[in-house]
Amino acid sequence: MKLRFLAVLALVATPLLASSTLFTNYEAVRQGLLKGSLKDAQTSAKSLAAEATKAKNADVAKAADAVAKSADLDKAREAFGPLSDELIKLRNASQGERPAVAYCPMVKKSWLQSKSDKIGNPYDAAMKECGMFKKD
């Protein structure tokens, strides 16, 4: 009985741990965009794509790969939208401590970040502080 409980616990915990790793890598991509560093965003997106592949999440891997292969910062920011949408789906399906969903009404896009941080809009360098946290 105890062994069966541990097996079930391992199955339930695995997606949450994988999601946590994905969220951590996603945040590194967002930080690269905030800094205006295409190289940082691409490198972090490549790592995120690899982690998503390991976690068997093809949608996140594909979206992260699009950011990693972006030709310039504008294209990377554009590709970050679909990546954010995929991570928001993952976030909404997970339980426990999760990043908050932020939204910029000017660019009409959402992203994830810690609610304890000041808004950091990754979509437009001129509007880094534009946005608000959505209610859960």
Around Met127, counting heavy atoms of other residues, nucleotides and ligands shown, do more than 12 lie under 6.0 Å from its CE?
-> yes
Contact summary for Gly131 and Ile119, nearest pair of heavy atoms | O-CG1, 3.8 Å
Of all heavy-atom pairs between Ala63 and Glu86, which one has the smallest distance, and what is that distance?
-> CB-CG, 4.4 Å
Mark yes or no for whether Glu51, through its side chain, and Phe23, through its backbone, hold a donor-acceptor pair below 3.5 Å.
-> no
Nearest 0.5 Å please: distance from the CD atom of Gln42 over to the CG atom of Asp65.
-> 11.0 Å
Considering all heavy atoms of both residues, which atom of Glu27 and which atom of Leu112 are nearest to each other, and what is their separation?
-> OE1-O, 4.0 Å
Reported CG-to-CZ distance for the pair Asn121 and Arg77, which is rounded to 0.5 angstrom = 8.5 Å
Phe133 with Val101, same ILVMFWY side-chain cluster at under 4.5 Å | yes
For Leu83 and Leu48, run side chain to side chain contact (heavy atoms under 4.5 Å, CB included): C-alpha distance rounded to whole Å, both residues' side-chain angles, the deciding distance at 0.1 Å, then the answer.
-> CA-CA 10 Å; Leu83 176 59; Leu48 175 55; 3.8 Å; yes
Do Leu34 and Val107 belong to the same hydrophobic cluster, where Ile, Leu, Val, Met, Phe, Trp and Tyr are linked whenever their side-chain heavy atoms lie under 4.5 Å apart, directly or via other members?
-> no
At what distance, to the nearest 0.5 angstrom, does CG of Asp72 lie from CD of Glu78?
-> 9.0 Å
How are the rings of Trp111 and Tyr123 set to each other: parallel, tilted or perpendicular (split at 30° and 60°)?
-> perpendicular
Could you give me the CA-CA distance, side-chain angles and deciding distance for Cys130 and Cys104, then say whether side chain to side chain contact (heavy atoms under 4.5 Å, CB included) is met?
-> CA-CA 6 Å; Cys130 181; Cys104 174; 3.4 Å; yes
Report the distance from atom NZ of Lys134 to atom NZ of Lys115, rounding to the nearest 0.5 Å.
-> 12.5 Å
Can you tell if the side chain of Met132 reaches within under 4.5 Å of the side chain of Pro105, non-hydrogen atoms only?
-> yes
Please report the closest heavy-atom contact between Ser44 and Ala28, naming both atoms and the distance.
-> OG-CB, 3.4 Å
Identify the two heavy atoms, one from Val29 and one from Ala45, that lie closest to each other, and give their separation to 0.1 Å.
-> CG2-N, 3.4 Å
Can you check whether Pro99's main-chain N or O pairs, donor with acceptor, with Arg91's side chain at less than 3.5 Å?
-> yes
Check: Ser47 main-chain N/O paired with Asn25 side-chain donor or acceptor under 3.5 Å = no
Can you measure from OG1 (Thr43) to CG (Leu38) and round to the nearest 0.5 angstrom?
-> 9.0 Å
Grab the two heavy atoms, one from Tyr103 and one from Lys108, that are nearest each other, plus how far apart they are.
-> OH-CA, 3.4 Å
What's the spacing between Ser20 OG and Arg98 CZ if we round to 0.5 Å?
-> 13.5 Å
